[in-house]
Amino acid sequence: MTYRIGSRRSALAMYQSELVQSMLAEICPTEVVGFATDGDNQTLSLSSAGSAGIFVNALRSALVDGRADLVVHSLKDLPTYADARFTLAAIPQRIDVQDVFIARGGLSVNELPEGAVVGTSSPRRSVWIKQLRPDVEVRPIRGNVETRLRKVQDGEFDATILAFAGLKRLGLLTEHMHVIDLEELTPAPGQAALAVECRSEDAELIELLRLIDDSPARLCVTAERTVLRTLSASCATAAGAYAFIDDRGLLNLTADVSSVETTEQIRVQVAMPVADEMAAVALGEMVANELIEDGAYELIGETRG
């Protein structure tokens, strides 16, 4: 049997699906099938009501109606609440999680002229910009990676912020781009990780996909996503979470939330041994509850889901 891998048709989505296809090359035969989604409509605001998860829903629909056997998501797009119809069968090893600041002429964020326009639709990235440069203007930006880079190059925006992983996978990283230190800007939960999903009833396929699952990546993103779920954060919430396993075997989890109005931020960091997903969930809940005790709900207010 040849398994069909469902993918959005953007260059990055197709690359990621073909990457998973290569991982499965010696396990089972596959083919990549591209689908158009409403989220690819450049005039639709992804922050508008009902649009959250639009890419994920389109691919899941392909699973439900049998047009695909498995689908590949960017994990940070995946809802944090489980849907019993689907199984997150594999989270392959992930790459660099940082964000990248990109400005015309290779300027750094501190070199931008007063009144410069920075394009980002991410509350998390918007807060970072406003903390450093309250004198610049932040506006929403739409489009895939290539489109956003072109909008900066053409002068519609002076700068934007994109994920390192997407730029690297597309071969678009240059020496004129500025990688943002993790101490400055905590990534989105699940950033740089891929999610391979299939129907929960397909037990044989689930077992095959488990062969490309990376246990450290799964533990880390489970802790990160648990923070988001426990906070009831939405796409309008300025929240970041990043976990890694250090050379002592401890899972280090950093999470923060910010006010999109005042840019005030609360951050919590915890390191502890984590042996399985249940322990990763417990760590994520611990960190989220510490954020709540420190006043997280007061900061994120109505942006909670």
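Applying the salt bridge (charged side-chain N to carboxylate O under 4.0 Å, His left out) rule to pairs touching residues 221-231 yields R94-E224, sequence neighbours excluded. For residues 53-82, the salt bridge (charged side-chain N to carboxylate O under 4.0 Å, His left out) pairs, not counting sequence neighbours, are R4-D69, R60-E197, D65-R67, D69-R199.
Across all non-hydrogen atoms, the minimal contact from G190 to V221 is CA-CG1, 4.1 Å. Taking both residues in full, the closest heavy atoms of G119 and T160 are given as O-OG1, 2.6 Å, listed atom of the first, atom of the second, then distance. Contact record, A255 with V287: CB-CG1, 3.7 Å, taken as the closest heavy-atom pair. Summarising the geometry of V20 relative to V72, their closest heavy-atom pair is CG2-CG2, 3.8 Å, with the distance given to 0.1 Å. S200 approaches I206 most closely through the heavy-atom pair O-CD1, 3.7 Å. Residue L209 comes nearest to A90 through the heavy atom pair O-CB, 3.3 Å, listed as atom of the first residue, atom of the second, then distance.
Here D246 pairs with R248 under the salt bridge (charged side-chain N to carboxylate O under 4.0 Å, His left out) rule; sequence neighbours left out. For the salt bridge (charged side-chain N to carboxylate O under 4.0 Å, His left out) test, residues two or more places apart in sequence or in another chain that qualify with R104 are D158. Partners of R218 under the salt bridge (charged side-chain N to carboxylate O under 4.0 Å, His left out) rule, at least two apart in sequence or in another chain, are D213, E277. In this structure, the salt bridge (charged side-chain N to carboxylate O under 4.0 Å, His left out) partners of E137, at least two apart in sequence or on a different chain, are R139.
Looking at L250, L283, L251 one by one, the single match for side-chain contact (heavy atoms from CB on, under 4.5 Å) with P273 turns out to be L250. Among the candidates I180, L173, D99, V97, the single residue satisfying the side-chain contact (heavy atoms from CB on, under 4.5 Å) test with F164 is L173.
Within 6.0 Å of CE in M278 there are 12 or fewer heavy atoms belonging to other residues, nucleotides or ligands. Heavy atoms from other residues, nucleotides or ligands lying under 6.0 Å from CD of E114 number 12 at most.
A side-chain donor-acceptor contact under 3.5 Å links T186 and D256.
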- Take L12 and N144 through the test side-chain contact (heavy atoms from CB on, under 4.5 Å) and record every step on the way to the result. CA-CA 8 Å; L12 180 57; N144 57 34; over 6 Å; no

